[in-house]
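Presented below is the structure to which this report refers.
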Amino acid sequence: RDWATLSAWQLVLVQVLWAYLLCGWTFGSELTFELPDNAKQCFYEDITIGTKCTLEFQVVTGGHYDVDCRLEDADGTVLYKEMKKQYDSFTFTAAKNGTYKFCFSNEFSTFTHKTVYFDFQVGEDPPLFPNENRVTALTQMESACVSIHEALKSVIDYQTHFRLREAQGRSRAEDLNTRVAFWSIGEALILLVVSISQVVLLRSFFSDRKTTTTRVGS
Amino acid sequence: MVSVKCILGSVYALYFHIGETEKKCFIEEIPDETMVIGKYRTQLWDKQMGSFLQTSPGLGMHVEIKDPDTKIILSRQYGSDGRFTFTSHTPGEHQICLHSNSTKMALFAGGKLRVHLDIQVGEHTNNYPEIAAKDKLTELQLRARQLLDQVEQIQKEQNYQQYREERFRMTSESTNQHVLWWSIAQTLILIFTGIWQLKHLKSFFEAKKLV
């Protein structure tokens, strides 16, 4: 199984086989998109029966950090429906062949637009090597490598979720900073304006009374 | 050659619908020196046939990519099927925007456009069978290479995390300073305007001979 010993045409043949196998596997889709207010965004994917799929989503920025999510199978049956959820993860096994649809809705919000992250894993990750060639079991080294690979995948997954939470926290902190700055300046100005106008108003009250008193007196 | 076979063989898994002049934007928050490969495929809705066409000649998509400083790093017109790639030089939120730039507006009138999209980031951009063939690696060597790539990606993300945490800390410090100094300033303004009011009114009433 040393690649150097395979002849040129054998190498080409193996590459072609890998190419077809690779394309047979569906990759996971991980996207972060902007969802404007009063908008709904749907994504579709063709899934074959028996495939184990996971949909995970998280609202990164915007408003109260919540969104409506709905997952429907090929016949329109609702598999998952949650309103105003901040983060969730849903695993299911495809019971039918066809186009599955999942939608994120921000229709309940009037002016905040949101950024939503989702990760839709369909099936397993493609193997590094085609399984057809595997006649013997994995050696200890190879199975150790596989375990490390899986562990690292979960580390990367945790990192992503941590990064999203941190982005949320950071956006709130930056919002807070801007708001504190503007409102402080605003309040200081209001204080000045109010105190000056109080004095001016009082003066005007007393000026009128003085005129009335003199008129009555004379 | 692998990519040619892939385009012929299958669709990129996830798809969504886009309107005529609609612009869809996706955000990728990535550390620096990270490669991103995006592939898309478009299908035009045919009203007569009532289904989506397999290929759509004359259809184009405009891809615009902005870096975290909102500077445009890629702005190109692609055909109905396209592949774009870029490597980040600054860590942060990169924005990938797509909008259709169709030449056949008449055909498109009232039509929908289906866009298949696949964006791969970091170590997912590596094509391992290709690397194995090119460097003539054994299975174990290839697995080790994959693990190395993954660990490198984790390291980059950790560095980016450090940088972000610093920014967060600076924002919090700045808020703290704002709150502190503006509170003091406002209290002082309150005291001084209070004193000024009393003094001014006292002199005013004395002048008016009311006191």
Side-chain angles (χ1 to χ4, degrees), chain A residues 1-4 11 14-16 18-20 22-24 26-27 29-34 41-46 115 120 122 128-129 141-142 145-146 148-149 152-153 155-156 159 162-163 166-167 169-170 173-174 176-177 180-181 184-185 187-188 191-192 195-196 198-199 202-203 206 210, chain B residues 1-2 5-6 9-11 13-17 24-29 117-121 128-129 132-133 136-140 142-144 146-147 150-151 153-154 157-158 161 164-165 167-168 171-172 174-175 178-179 182-183 185-186 189-190 193-194 196-197 200-201 204-205 208 210:
Chain A
R1 270 202 271 128
D2 190 4
W3 293 117
L11 231 103
V14 170
Q15 266 199 54
V16 168
W18 279 345
Y20 276 115
L22 262 186
C23 299
T26 39
F27 292 74
S29 310
E30 191 184 45
L31 287 174
T32 312
F33 66 97
E34 286 170 3
Q41 178 69 40
C42 292
F43 294 92
Y44 309 81
E45 181 141 2
D46 298 324
T115 314
F120 192 49
V122 175
L128 218 50
F129 301 96
M141 276 292 266
E142 283 164 3
C145 282
V146 169
I148 297 173
H149 178 65
L152 288 179
K153 269 211 299 211
V155 168
I156 291 173
Q159 265 190 337
F162 184 71
R163 185 192 76 218
E166 191 266 345
R170 195 167 19 102
E174 280 168 4
L176 189 66
N177 194 20
V180 163
S184 308
I185 296 171
E187 260 187 68
L191 258 177
L192 280 169
S195 39
I196 292 171
Q198 274 181 331
V199 170
L202 265 173
R203 281 174 68 130
F206 283 102
K210 192 69 172 77
Chain B
M1 190 173 80
V2 173
K5 289 286 186 290
C6 269
S10 72
V11 295
L14 195 78
Y15 64 85
F16 55 93
H17 294 138
K24 282 274 186 279
C25 289
F26 299 93
I27 297 168
E28 288 294 333
E29 195 176 350
L117 183 65
D118 180 39
I119 299 179
Q120 298 293 330
V121 174
Y128 288 104
K136 300 193 180 34
L137 301 174
T138 65
E139 190 174 323
L140 208 56
L142 190 68
R143 286 196 192 276
Q146 193 190 36
L147 293 176
Q150 271 188 308
V151 168
Q153 194 61 34
I154 290 172
E157 186 77 32
Q158 301 280 46
Q161 172 59 22
R164 279 196 322 264
E165 192 267 342
R167 251 183 62 189
F168 195 162
T171 309
S172 299
S174 158
T175 308
H178 274 295
V179 167
W182 280 105
S183 306
Q186 277 176 26
I189 289 175
L190 199 57
T193 49
W196 171 79
Q197 277 183 326
H200 186 89
L201 283 172
F204 175 67
F205 286 142
K208 296 281 180 189
L210 287 169

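Each chain gets a letter, A, B and so on, in the order its sequence line appears, and its residues count up from 1. Excluded from the calculations below are hydrogen atoms, water molecules and symmetry mates; all remaining heavy atoms, backbone and side chain alike, are included.
Interface remark: of the candidates A:Val155, A:Val180, A:Leu152, A:Thr115, A:Leu152 forms the most heavy-atom pairs closer than 4.5 Å to chain B. Taking chain A as the reference chain and counting heavy-atom pairs below 4.5 Å, the highest number among B:His200, B:Gln158, B:Glu29, B:His17 is found for B:Glu29. Listed options A:Lys153, A:Glu166, A:Met141 were ranked by heavy-atom pairs under 4.5 angstrom with chain B; first place goes to A:Glu166. Contact count versus chain A (heavy atoms, under 4.5 Å) is highest, among B:Gln161, B:Gln153, B:Arg164, for B:Arg164. Interface check for chain B: of the options A:Val146, A:Ile185, A:Leu192, the most heavy-atom pairs under 4.5 Å are formed by A:Ile185. Interface summary for chain B: among A:Leu176, A:Leu202, A:Leu31, A:Ile196, the most heavy-atom pairs under 4.5 angstrom belong to A:Leu31.
If you take CZ on B:Arg143 and CG on B:Leu147, they are separated by 9.0 Å, rounding to the nearest 0.5 Å.
The two atoms that bring A:Ala188 and B:Trp182 nearest to each other are CB-CZ3, 4.0 Å, heavy atoms only. Closest approach of A:Glu45 to A:Ser29, counting heavy atoms only: OE1-OG, 4.3 Å. B:Phe16 approaches A:Cys42 most closely through the heavy-atom pair CB-O, 3.5 Å.
In this structure, the ring of A:Phe43 has its center less than 6.0 angstrom from the ring center of A:Phe33.
Interface residue B:Glu28: only side-chain heavy atoms are found under 4.5 Å from chain A. Of the two parts of A:Glu30, only the backbone, made up of N, CA, C and O, holds a non-hydrogen atom closer than 4.5 Å to a non-hydrogen atom of chain B. With a threshold of 4.5 angstrom between heavy atoms, B:Phe204 approaches chain A through side-chain atoms but not through N, CA, C or O. At a 4.5 Å heavy-atom cutoff, the contact between B:Gln197 and chain A is made by backbone and side-chain atoms alike.
Looking at A:Glu174 and B:Arg167, a side-chain N of the basic residue comes within less than 4.0 Å of a carboxylate O on the acidic one, giving a salt bridge.
Inter-residue side-chain proximity for A:Thr32 and B:Phe26 is flagged as unmet; no heavy-atom pair is nearer than 4.5 Å.
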